[in-house]
2 protein chains.
Amino acid sequence: MEIEKCEVTVIHENVVRAVKEQMPDEDKLVATAELLKVFGDPTRIKIICALLKAEMCVCDLSALLDVSQSAVSHQLKTLKQARLVKYRRDGKVIYYSLDDEHIGRIFEAGYEHVMED
Amino acid sequence: MEIEKCEVTVIHENVVRAVKEQMPDEDKLVATAELLKVFGDPTRIKIICALLKAEMCVCDLSALLDVSQSAVSHQLKTLKQARLVKYRRDGKVIYYSLDDEHIGRIFEAGYEHVMED
DNA sequence: CTCTCATATGAACATCTGTTCATATATATA
DNA sequence: TATATATATGAACAGATGTTCATATGAGAG
């Protein structure tokens, strides 16, 4: 009958119950974490920030950010999977752009917070 | 005199130059990535979401989220270091809350994007 | 001062992540 | 078809990350 105290102790039952009712679905929270995680890497956020200004191809991003072509390509794959960027092909060149104006809002929210210190 | 092609090839010089001028400081972008990275974990985003509703102590968070006391405490440390949460002591109990209403904005921006699919 | 309990912390460990390197794919051009 | 170039991809590896476990710290109660 060994029960660790803190696993079970709830100091403010009413608060916990009230908040529990207001909490969004677990799935949605996990999805939100997964989305924001994609913004949480220097290379990726630079790509996002760059694409906020103009659509660009892999070589341009590579030169602009001073990151290898392979690294850019790998990160673009991550961004694609998270549906943050879309692309169009024109001959040999593939142009990437942000999938959605919404993406900018998330970036801005983070950036503004950083600038307010 | 070996130069890999893509490291140097810039297909759209003018675009790259223009975007480069508009890019924020490297530091700020890295800081933004570091900030958003903190939101990119299921446990932490749940803590943030919970504290959006009410200030809570470690035990309550542990019970609410069904995560061990130790894990909650470790994550609160991360959140503290990123200045996302603040705390006040009342006897044995330490109450955590969001440091800033701004934090909610970032969460909401991500959450809303998730809900729009 | 001692006991209890809320919280913090350090080490260990398994997993995840981002880059590099080598190579493959796809498209245009000669 | 052969070659050049833009991009993608898989394996490998080092470093980061999140949890657990054991233990420490700090404050109130007795």
Side-chain angles (χ1 to χ4, degrees), chain A residues 2-13 15-16 30 33-34 36-47 55-82 85-97, chain B residues 2-13 15-16 30 33-34 36-47 55-82 85-97:
Chain A
E2 307 258 290
I3 301 179
E4 291 92 319
K5 301 291 158 43
C6 267
E7 302 289 346
V8 173
T9 303
V10 177
I11 301 184
H12 312 87
E13 276 189 78
V15 174
V16 172
V30 171
E34 261 164 19
L36 292 176
K37 184 183 215 169
V38 180
F39 289 76
D41 172 80
T43 302
R44 283 194 300 264
I45 207 143
K46 286 176 199 168
I47 293 175
E55 73 170 5
M56 283 199 272
C57 70
V58 178
C59 273
D60 288 346
L61 283 168
S62 175
L64 172 68
L65 308 178
D66 196 33
V67 173
S68 76
Q69 176 270 318
S70 180
V72 170
S73 197
H74 276 297
Q75 294 300 9
L76 282 170
K77 185 177 189 179
T78 300
L79 290 166
K80 247 186 291 180
Q81 283 170 341
V85 302
K86 58 181 192 284
Y87 60 95
R88 69 183 178 83
R89 175 158 223 144
D90 184 9
K92 275 181 299 190
V93 180
I94 298 181
Y95 294 92
Y96 283 87
S97 57
Chain B
E2 308 260 289
I3 300 180
E4 291 92 322
K5 301 290 160 39
C6 266
E7 302 288 347
V8 173
T9 303
V10 177
I11 301 183
H12 310 87
E13 276 189 79
V15 175
V16 171
V30 171
E34 261 165 19
L36 292 176
K37 185 182 215 170
V38 179
F39 289 78
D41 172 79
T43 303
R44 283 194 300 265
I45 207 144
K46 285 176 199 168
I47 292 175
E55 71 169 6
M56 283 199 273
C57 68
V58 177
C59 273
D60 288 347
L61 284 168
S62 175
L64 172 68
L65 307 178
D66 197 32
V67 173
S68 77
Q69 176 269 318
S70 180
V72 170
S73 198
H74 277 297
Q75 295 298 12
L76 282 170
K77 186 177 188 178
T78 300
L79 291 166
K80 246 185 292 179
Q81 283 170 340
V85 302
K86 59 180 192 284
Y87 60 95
R88 67 182 179 84
R89 176 158 223 143
D90 184 9
K92 274 182 300 190
V93 181
I94 298 181
Y95 294 93
Y96 282 88
S97 56

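Every value quoted in this text rests on a predicted model; they were computed, and no experiment measured them.
Searching all strands for a Watson-Crick or G-U wobble partner of C:dA30 with both distances below 3.5 Å returns D:dT1.
Distances shorter than 4.0 Å separate some side-chain N or O of A:S68 from OP1 or OP2 on C:dT20. The side chain of B:Y87 places no N or O atom within less than 4.0 Å of a non-bridging phosphate oxygen (OP1 or OP2) of C:dA8. Here A:Q75 reaches the OP1 or OP2 of C:dT19: one of its side-chain N or O atoms lies under 4.0 Å away. The phosphate of D:dT19 (OP1 or OP2) has a side-chain N or O of B:T43 nearer than 4.0 angstrom.
If you take CD on A:E34 and CG on B:D41, they are separated by 10.5 Å, rounding to the nearest 0.5 Å.
Computed from coordinates, the B:D60 CG to C:dC5 P distance equals 16 Å when rounded to whole Å. Separating the CD1 atom of A:I94 from the P atom of C:dA26 is a distance of 11 Å, rounded to the nearest angstrom.
Side-chain to base pairing of A:Q69 with D:dA8: one donor and one acceptor N or O lie within less than 3.5 Å of each other.
Comparing B:R89 and A:L76 against DNA chain D, the residue whose closest nucleotide sits nearer the 5' end is A:L76.
Across all strands, A:Y95 comes closer than 4.0 Å to no nucleic acid atom at all (heavy-atom distances).
Side chain of A:R89 to backbone of A:G91: a donor-acceptor contact under 3.5 angstrom is found.
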What nitrogen or oxygen pairs link the protein and nucleotides 10-17 of chain C at under 3.5 Å?
{"unit_1": "C:dG10", "atom_1": "O6", "unit_2": "B:H74", "atom_2": "NE2", "d": "2.7"}
{"unit_1": "C:dT17", "atom_1": "OP1", "unit_2": "A:K37", "atom_2": "NZ", "d": "2.8"}

Any chance you could lay out the side-chain contact (heavy atoms from CB on, under 4.5 Å) test for A:V58 and A:I94, step after step, and finish with the verdict? CA-CA 7 Å; A:V58 178; A:I94 298 181; 5.5 Å; no

Starting from the C-alpha separation in whole Å, work towards a yes-or-no answer on side-chain contact (heavy atoms from CB on, under 4.5 Å) for B:L61 and B:L76. CA-CA 10 Å; B:L61 284 168; B:L76 282 170; 4.2 Å; yes

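Counting all heavy atoms, side chain and backbone alike, B:S68 lies closest to B:S62 at C-OG, 3.7 Å.
Which of D:dT7, D:dT19, C:dA28 sits closest to the side chain of A:S73 comes down to D:dT7. Side-chain proximity of B:V58 to C:dC5, D:dA6, C:dT7: nearest is C:dT7.
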